[in-house]
Amino acid sequence: MPKTIVIFFGPPGSGKGTQAEMLAKLTGWKKISTGDLFRAEIAAKTKLGILADRYIKQGKLVPGKVTASLVEKSLKQKASGFIFDGFPRNRGQLKELLMIFAKIFKKKDQIYALEVAVSDREVKRRLGQRRLCACGKVYHLAYNPPINNGLCDICGGQLFTRNDDKPKVIAHRLKVYHHDGEPLLDYFKKQGKLIKINGEQAIAKIHKDIMEELSGLKLV
Ligand code: ADP
Ligand code: ADP
Ligand code: ZN
C-alpha cells in the first residue's frame with residue numbers, strides 16, 4: 001500500500017497542531033511535530049533542549065541540521081502515513097526533507113502540503129489564550145476550553161502557557177513564517193500538491209474540509 005504524507009503549513013497559531021491531531025486520530029497516521037519534539041527535549045533538560053530553548057524563547061528557528069535528524073528518526077516508526085506539523089520551515093529544511101523522503105519513500109507514495117490559511121490578526125487572538133498540557137493536548141480559553149478550569153480533560157494535568165506565546169515573540173514568529181516558511185508553498189503548488197483550507201472557521205468545520213479534500217484525492 002502506498003503511504004500518505006501530509007505536511008501542514010500555516011502561521012503559528014493557525015491550528016495546525018489541533019488539526020494534525022484530529023487527522024492522526026482518524027487515520028492512524030503518525031504525527032511528527034518538531035515543536036513538540038523540542039518541548040519534550042526542553043522538559044527533559046537534555047543538552048539539545050537547553051540549546052533549543054534559547055532560540056524558541058526568542059521566536060527564532062533552532063539552527064542547524066538537528067531538526068532534520070529528529071524528523072528522520074521519527075520516520076522510523078511503522079505507519080501507513082505521516083503528518084508533519086512545523087517542518088519544513090525554510091528552504092534549507094525543505095531540501096533536507098526531500099533528501100530524507102528520497103531515502104525512505106517510494107514513487108507511489110503521496111506527498112501533499114496542506115495550508116491552513118489564517119490572518120495575522122486572528123493568530124494574535126488565538127495565541128494569547130492558548131493553553132497546553134504536558135500530555136500534548138492543546139486548549140484555548142475561549143474557543144476550545146477544558147471542562148475543568150485550568151486542568152486537562154484527558155489526563156487531569158495542570159495547564160500552562162507556552163513561554164513563546166508572548167506578543168513580542170509572536171510578532172517575530174509571524175515574521176519568520178511569512179519570510180521563510182510561506183514561500184515554500186510555491187514548491188508544492190507548482191506540482192499540483194497544495195491543498196488550501198480556510199483556517200478561520202470552527203475547529204470541527206476545518207476538520208470536515210480537510211477530510212473532504214483528502215477524500216477527493218482518495219487519500220482517506
Ligand atoms: P498551531 O499548531 O498552528 O500553532 P494550535 O493548534 O496550537 O496552532 O492552535 C492555536 C490556538 O488556537 C490553540 O489555543 C487552539 O486551541 C486554538 N484554535 C485552533 N483552531 C482553532 C479554530 N479553528 N478556531 C479558534 N481557535 C482555534
Ligand atoms: P507554532 O505551532 O506555534 O508555530 P511550534 O510548536 O511549531 O509552534 O514551534 C515552536 C518553536 O519551536 C518555533 O518557534 C521554533 O523556535 C522551534 N521549531 C519548531 N519547529 C522547528 C523547525 N522545523 N526548525 C527550527 N525550529 C523549529
Ligand atoms: Zn493532559
Side-chain angles (χ1 to χ4, degrees), residues 7-23 31-42 48-49 51-71 74 83-90 92-94 96-97 114-118 122-148 150-166 169-170 172-177 180-181 184 197-210:
I7 308 170
F8 274 85
F9 282 91
S14 54
K16 302 179 297 295
T18 302
Q19 294 299 331
E21 188 65 44
M22 291 168 91
L23 182 60
K31 179 177 94 139
I32 300 176
S33 160
T34 47
D36 287 348
L37 292 172
F38 282 129
R39 280 184 290 277
E41 297 281 337
I42 293 170
L48 170 59
L51 173 97
D53 194 35
R54 293 217 308 262
Y55 293 91
I56 294 175
K57 262 191 202 143
Q58 302 176 61
K60 292 182 181 162
L61 298 188
V62 179
K65 293 199 186 293
V66 41
T67 320
S69 43
L70 283 179
V71 166
S74 306
I83 302 166
F84 282 80
D85 166 19
F87 188 90
R89 273 177 136 102
N90 59 27
Q93 290 189 353
L94 176 61
E96 285 163 344
L97 186 68
L114 197 156
E115 179 191 8
V116 185
V118 167
E122 177 66 12
V123 159
K124 288 171 190 159
R125 217 172 296 157
R126 288 187 189 175
L127 292 186
Q129 294 191 69
R130 170 158 69 180
R131 295 293 181 273
L132 248 72
C133 176
C135 78
K137 180 93 180 125
V138 179
Y139 299 87
H140 187 281
L141 294 185
Y143 300 139
N144 184 25
I147 296 164
N148 295 311
L151 299 178
C152 177
D153 295 351
I154 311 287
C155 74
Q158 193 75 242
L159 302 187
F160 60 91
T161 307
R162 265 172 56 172
N163 72 358
D164 56 343
D165 281 346
K166 296 185 184 118
V169 185
I170 292 169
H172 190 74
R173 284 155 62 206
L174 272 169
K175 225 160 134 182
V176 171
Y177 176 71
D180 298 330
L184 306 183
I197 300 282
N198 173 9
E200 296 205 11
Q201 310 183 84
I203 292 175
K205 172 66 166 67
I206 299 169
H207 176 65
K208 189 165 163 269
D209 285 1
I210 291 175

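Only heavy atoms go into these numbers, but all of them, side chains included; no hydrogens, no water, no symmetry mates. Just so you know, ligand 1 is whichever comes first in the structure, and atom 1 is the first atom listed for that ligand.
- In terms of protein heavy-atom proximity, atom 25 (C) of ligand 2 is nearest to Val62 N, 3.2 Å.
- Under 4.0 Å from ligand 1, not a single heavy atom of Ala20 appears.
- Only the backbone of Lys60 comes within 4.0 Å of ligand 2, counting heavy atoms alone; no side-chain atom from C-beta on gets that close.
- Among the atoms of Tyr55, none of the N or O lies under 3.5 angstrom from an N or O of ligand 2.
- Only the side chain of Arg162 comes within 4.0 Å of ligand 2, counting heavy atoms alone; its backbone N, CA, C and O stay farther away.
- For atom 27 (C) of ligand 1, the nearest non-hydrogen atom from the set His140, Gln19, Gln201, Arg126 belongs to Arg126.
- The shortest separation from a heavy atom of Ser33 to ligand 1 is not under 4.0 Å, leaving the residue out of contact.
- By the criterion of a separation under 2.8 Å, the protein N/O/S atoms near the Zn ion (ligand 3) amount to Cys133 SG, Cys135 SG, Cys152 SG, Cys155 SG.
- Closest protein heavy atom to atom 13 (C) of ligand 2: Arg89 NH2, 4.0 Å.
- Summary of contacts: the protein heavy atom closest to atom 1 (P) of ligand 2 is Arg173 NH2, 3.7 Å.
- Note on ligand 1: Ser14 sits in its first shell, one or more heavy atoms being nearer than 4.0 Å.
- Contact atoms of ligand 1 toward Val138: 7 (O), 13 (C) (distance under 4.0 Å to a heavy atom of the residue).
- Residue contacts with ligand 1 for Ile206 involve side-chain atoms from C-beta outward but no N, CA, C or O (heavy atoms, distance under 4.0 Å).
- Met22 is listed as a side-chain neighbour of Ile203, based on a closest heavy-atom distance under 4.5 Å.
- The single protein non-hydrogen atom nearest to atom 24 (N) of ligand 2 is Gln93 NE2, 2.8 Å, given as residue, atom name and distance.
- Protein heavy atom in closest approach to atom 26 (N) of ligand 1: Tyr143 CD1, 3.2 Å.
- By the criterion of a heavy-atom distance under 4.0 Å, the side chain of Thr67, and not its backbone, is placed next to ligand 2.
- The distance criterion of under 3.5 Å between nitrogen or oxygen atoms is met by Lys16 with respect to ligand 1.
- Only the side chain of Asn144 comes within 4.0 Å of ligand 1, judged by heavy-atom distances.
- Between Gly128, Ala202, Gly199, Gly17, it is Gly17 that holds the heavy atom closest to atom 2 (O) of ligand 1.
- Of all the heavy atoms of Arg130, the ones lying under 4.0 Å from any atom of ligand 2 belong exclusively to the side chain.
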